[in-house]
There are 2 protein chains.
Amino acid sequence: MNYSTQYIAQQLKKSRENMGLSQRELSARAGVPQSHISKIESGNVDLRLSSLVAIARALELELALIPRKYVSAVNSIVGSAGSETSGQPPRPAYNLDGEE
Amino acid sequence: MNYSTQYIAQQLKKSRENMGLSQRELSARAGVPQSHISKIESGNVDLRLSSLVAIARALELELALIPRKYVSAVNSIVGSAGSETSGQPPRPAYNLDGEE
DNA sequence: TTAATTGATATGTCATAACGCATCAAAATG
DNA sequence: CATTTTGATGCGTTATGACATATCAATTAA
């Protein structure tokens with residue numbers, strides 16, 4: 001599994017955790033078995049686009065193809081946040097980020 | 001095939017065309033058979049992440065997961081451009097867009 | 001301590017992506 | 001016109017994603 005794909009997997013995991021969801025909860029929302037989510041997050045599965053999109057949507061994420069030259073600009077917008085859109089419990093919140 | 005995936009397929013096709021590449025040329029760059037690229041662009045294949053990334057890279061595109069709330073901001077940056085990064089021939093250029 | 005939750009793994013089945021290779025009609029090029 | 005290029009299809013094979021289901025160790029309540 002190459003870099004980009006590994007990275008995507010990491011992002012999914014981080015987003016899920018930031019939303020305070022368990023793999024089983026995400027499983028229910030995305031319609032993808034928990035066992036599969038586990039494999040995906042651990043990065044040893046070359047998942048299909050449909051699965052990626054299903055999981056992303058459940059995490060309030062959109063998949064996008066960004067022209068290389070705009071990547072840094074996009075990053076500066078999205079910033080380090082990993083979508084804390086709607087936590088279930090209020091959740092700590094002190095993102096004194098060392099992460100991401 | 002759902003909306004998002006269809007849309008991704010369209011983006012890949014547009015980007016390829018904007019770069020003035022034939023499916024066979026892209027095939028060579030991305031290491032994906034032309035026959036498969038054709039299927040992908042026509043949107044009737046649920047391609048794997050590795051394939052998507054390989055093709056995207058060959059088109060100078062990066063795959064990204066954008067938090068919903070930043071999507072419009074990102075769109076306003078990326079704009080309607082489909083990566084005209086480096087055309088082989090100068091190529092028309094008059095994007096008096098009705099497209100995209 | 002006991003009971004629930006969580007993430008990771010295993011097995012077996014099925015669907016299908018991905019491959020190589022070949023072909024073909026239409027469009028572009030000479 | 002003849003030739004080349006292009007995108008789309010088809011076929012047989014192989015690899016593997018995705019599924020259901022179950023289990024298990026470790027963590028986190030109760």
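Chain naming here is simple, since letters A, B, ... match the order of the sequence lines and numbering starts at 1 in each. None of the values given here were measured: they were computed from a predicted structure.
One interatomic measurement links the two molecules: CD1 of A:I37 to P of C:dG7, which rounds to 10 Å at whole-angstrom precision. In this structure, B:L26 atom CG and D:dT6 atom P are separated by 12 Å, rounded to whole Å. Between B:K13 atom NZ and D:dT6 atom C1' the separation is 11 Å, expressed in whole Å. Rounded to a whole Å, the CD atom of B:E17 is 19 Å from the P atom of D:dT5. If you take CD of A:E25 and C1' of C:dG7, they are 13 Å apart, rounded to a whole angstrom. Atom P of nucleotide C:dA17 and atom CD1 of B:I55 are separated by 13 Å, given to the nearest angstrom.
Heavy-atom distances under 4.0 Å link DNA chain D to A:K39, A:V45, A:D46 of residues 38-46 of chain A, given in residue order.
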### Task
Would you please test B:M19 and B:E60 for side chain to side chain contact (heavy atoms under 4.5 Å, CB included) and show each step?
CA-CA 10 Å; B:M19 286 183 66; B:E60 316 257 30; 4.3 Å; yes
### Query
Passes side chain to side chain contact (heavy atoms under 4.5 Å, CB included), B:L61 versus B:S15? Steps please.
CA-CA 9 Å; B:L61 298 172; B:S15 295; 3.4 Å; yes
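Checked against D:dA18, C:dC19, D:dG7, the side chain of A:R48 finds its nearest nucleotide in D:dA18. Taking every side-chain heavy atom of B:Q23 into account, D:dG7 is the closest of C:dG7, D:dG17, D:dG7.
In this structure, A:R48 has no side chain to side chain donor-acceptor pair (under 3.5 Å) partners at least two apart in sequence or on a different chain. Not counting sequence neighbours, the partners of B:A64 by the side chain to side chain contact (heavy atoms under 4.5 Å, CB included) test are A:I66, B:I66. By the side chain to side chain contact (heavy atoms under 4.5 Å, CB included) test, B:S35 pairs with B:P33, sequence neighbours left out. Residues meeting the side chain to side chain contact (heavy atoms under 4.5 Å, CB included) test with A:R24, sequence neighbours left out: A:S22, A:Q34. A:A30 meets the side chain to side chain contact (heavy atoms under 4.5 Å, CB included) test with A:L26, A:V32, A:I55, A:A58; sequence neighbours excluded.
OP1 or OP2 of C:dC19 has at least one side-chain nitrogen or oxygen of B:H36 nearer than 4.0 Å.
Axis angle between the ends of the helix from C:dT1-D:dA30 to C:dG30-D:dC1, five pairs each and rounded to 10 degrees, works out to 50°.
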Name the pairs: protein N/O against N/O of nucleotides 26-30 of chain D, kept only if under 3.5 Å.
none

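Listed here is the closest heavy atom pair of B:P67 and B:L65: CD-O, 3.7 Å.
Of the inter-residue distances, the one linking A:Q11 atom CD with A:K14 atom NZ reads 8.5 Å to the nearest 0.5 angstrom. Between atom CG of residue A:L47 and atom CD1 of residue A:I8 there is a gap of 9.0 Å, rounded to the nearest 0.5 Å. Here the straight-line distance linking atom CG of A:L52 with atom CG of B:L49 works out to 6.0 Å at 0.5 Å rounding. To the nearest 0.5 Å, atom CD of residue B:E62 and atom OH of residue A:Y7 are 10.0 Å apart.
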## Note on the structure
Quick tally for nucleotides 22-30 of chain C: nucleotides whose base has a protein heavy atom under 4.0 Å get B, sugar-phosphate-only ones S, the rest -, giving -B-------
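For the pair A:L59 and A:L21, the minimum side-chain heavy-atom distance is below 4.5 Å.
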Please tabulate, for the side chains in residues 36-43 of chain B, all donor-acceptor contacts under 3.5 angstrom to protein atoms that are two or more places apart in sequence or on a different chain.
unit_1: B:E41; atom_1: OE1; unit_2: B:R16; atom_2: NH2; d: 3.0
unit_1: B:E41; atom_1: OE1; unit_2: B:Q23; atom_2: NE2; d: 3.1
unit_1: B:E41; atom_1: OE2; unit_2: B:R16; atom_2: NE; d: 2.6
unit_1: B:S42; atom_1: OG; unit_2: B:S38; atom_2: O; d: 3.2
unit_1: B:S42; atom_1: OG; unit_2: B:K39; atom_2: O; d: 2.9
unit_1: B:S42; atom_1: OG; unit_2: B:N44; atom_2: OD1; d: 2.7

